[in-house]
Amino acid sequence: MSSDRVTLGANETPEPQRYISLMRLTAKGLAELSDSAARRKRSEERVAALGGRSIAFYATMGPYDFVQVFEMPSNEAMMQYVLTARRDGHVDPLIMPAFDPPTYGGIVERVR
């Protein structure tokens, strides 16, 4: 069985992984809506503490209240962030790994 993992050299660091989060406010999040800006700042601080960064954040209309784009160093860091956010109880996030066009193109080339 072949592995899909990429082996890095001694001086190489992995590229950050991108994620898109679609979030719905919970009843608690709606009840504490006036604290939303402070919670977003705290969220960005948590992401940074895990070695990541928030690339974009949007309030949206439709089935989701917010969309956020992240770069994180690993799935493990993203999972730690998601568990912390869910424990807080203000949002119910749907997290999706995201691939930029060059990365997606490389994947497609390997599928051929």
Side-chain angles (χ1 to χ4, degrees):
M1 180 188 282
S2 70
S3 171
D4 291 332
R5 291 188 165 246
V6 175
T7 303
L8 299 174
N11 295 324
E12 293 181 290
T13 57
E15 289 290 318
Q17 297 176 22
R18 291 179 190 92
Y19 302 87
I20 296 171
S21 176
L22 305 176
M23 295 170 275
R24 289 188 178 116
L25 286 165
T26 63
K28 180 179 179 181
L30 285 168
E32 299 174 10
L33 197 57
S34 62
D35 293 337
S36 187
R39 286 195 309 270
R40 190 168 78 81
K41 183 177 187 294
R42 195 164 45 252
S43 167
E44 290 182 1
E45 290 168 353
R46 286 176 174 170
V47 168
L50 292 167
R53 71 182 182 115
S54 176
I55 297 171
F57 181 91
Y58 301 98
T60 57
M61 298 187 308
Y64 294 93
D65 300 303
F66 306 109
V67 174
Q68 190 165 8
V69 181
F70 298 93
E71 281 186 347
M72 294 296 266
S74 65
N75 283 330
E76 292 83 357
M78 189 72 223
M79 183 61 134
Q80 183 177 341
Y81 171 77
V82 169
L83 290 173
T84 302
R86 292 198 69 196
R87 182 186 59 200
D88 290 348
H90 295 99
V91 293
D92 184 19
L94 170 65
I95 306 296
M96 299 178 292
F99 303 92
D100 62 16
T103 303
Y104 179 71
I107 294 167
V108 169
E109 287 298 316
R110 291 190 300 274
V111 169
R112 291 185 183 175

Could you check whether any side-chain N or O of Ser43 sits under 3.5 Å from a backbone N or O of Arg39, counting only pairs where one atom can act as donor and the other as acceptor? no
Once side-chain hydrogen bond (donor to acceptor under 3.5 Å, both in side chains) is applied, do any residues pair with Asn75, and if so which ones, sequence neighbours excluded? Tyr19
With a cut-off of 3.5 Å and sequence neighbours excluded, list every side-chain donor-acceptor pair involving residues 97-106.
{"unit_1": "Asp100", "atom_1": "OD1", "unit_2": "Thr103", "atom_2": "N", "d": "2.9"}
{"unit_1": "Asp100", "atom_1": "OD1", "unit_2": "Thr103", "atom_2": "OG1", "d": "2.6"}
{"unit_1": "Asp100", "atom_1": "OD2", "unit_2": "Arg18", "atom_2": "NH1", "d": "3.2"}

Is there a continuous path of hydrophobic side-chain contacts, each under 4.5 Å between heavy atoms, that joins Met79 to Tyr81? no
Partner residues of Arg42 under the salt bridge (Lys or Arg N to Asp or Glu O under 4.0 Å) criterion, sequence neighbours left out: none
Keeping to residues at least two apart or across chains, list the salt bridge (Lys or Arg N to Asp or Glu O under 4.0 Å) pairs with something in residues 58-69. none
Mind listing the side-chain donor-acceptor pairs of residues 50-60 below 3.5 Å, one per line with the distance, residues two or more places apart or on another chain?
{"unit_1": "Arg53", "atom_1": "NE", "unit_2": "Glu71", "atom_2": "OE1", "d": "3.0"}
{"unit_1": "Ser54", "atom_1": "OG", "unit_2": "Gln68", "atom_2": "NE2", "d": "2.9"}
{"unit_1": "Thr60", "atom_1": "OG1", "unit_2": "Tyr64", "atom_2": "O", "d": "2.6"}

List in chain and number order the residues that pass side-chain hydrogen bond (donor to acceptor under 3.5 Å, both in side chains) with Ser21, two or more places apart in sequence or in another chain; answer none if no residue qualifies. none
Enumerate the residue pairs fulfilling ring-ring contact (aromatic ring centres under 6.0 Å, His included) with a member in residues 21-40, sequence neighbours excluded, ordered by first and then second residue. none
Ignoring hydrogens, what is the shortest heavy-atom contact between Pro73 and Gln17? Give both atom names and the distance. O-NE2, 4.2 Å
Results of salt bridge (Lys or Arg N to Asp or Glu O under 4.0 Å) for Glu44 - residues two or more places apart only: Arg40
Listing, residues 23-30 side-chain donor-acceptor contacts under 3.5 Å, not counting sequence neighbours, or none:
{"unit_1": "Arg24", "atom_1": "NE", "unit_2": "Pro63", "atom_2": "O", "d": "2.8"}
{"unit_1": "Thr26", "atom_1": "OG1", "unit_2": "Lys28", "atom_2": "N", "d": "3.4"}
{"unit_1": "Thr26", "atom_1": "OG1", "unit_2": "Gly29", "atom_2": "N", "d": "3.1"}
{"unit_1": "Thr26", "atom_1": "OG1", "unit_2": "Gly89", "atom_2": "O", "d": "2.5"}
{"unit_1": "Thr26", "atom_1": "OG1", "unit_2": "His90", "atom_2": "O", "d": "3.2"}
{"unit_1": "Lys28", "atom_1": "NZ", "unit_2": "Asp88", "atom_2": "O", "d": "2.8"}

Should Phe66 and Leu33 be regarded as members of a common hydrophobic cluster, given that ILVMFWY residues are connected when their side-chain heavy atoms come within less than 4.5 Å of each other, either directly or indirectly? yes
Starting from Val67, can I reach Ile95 by hopping between I/L/V/M/F/W/Y residues whose side chains sit under 4.5 Å apart? no
Residue list, side-chain hydrogen bond (donor to acceptor under 3.5 Å, both in side chains) with Glu45, at least two apart or on another chain: Lys41
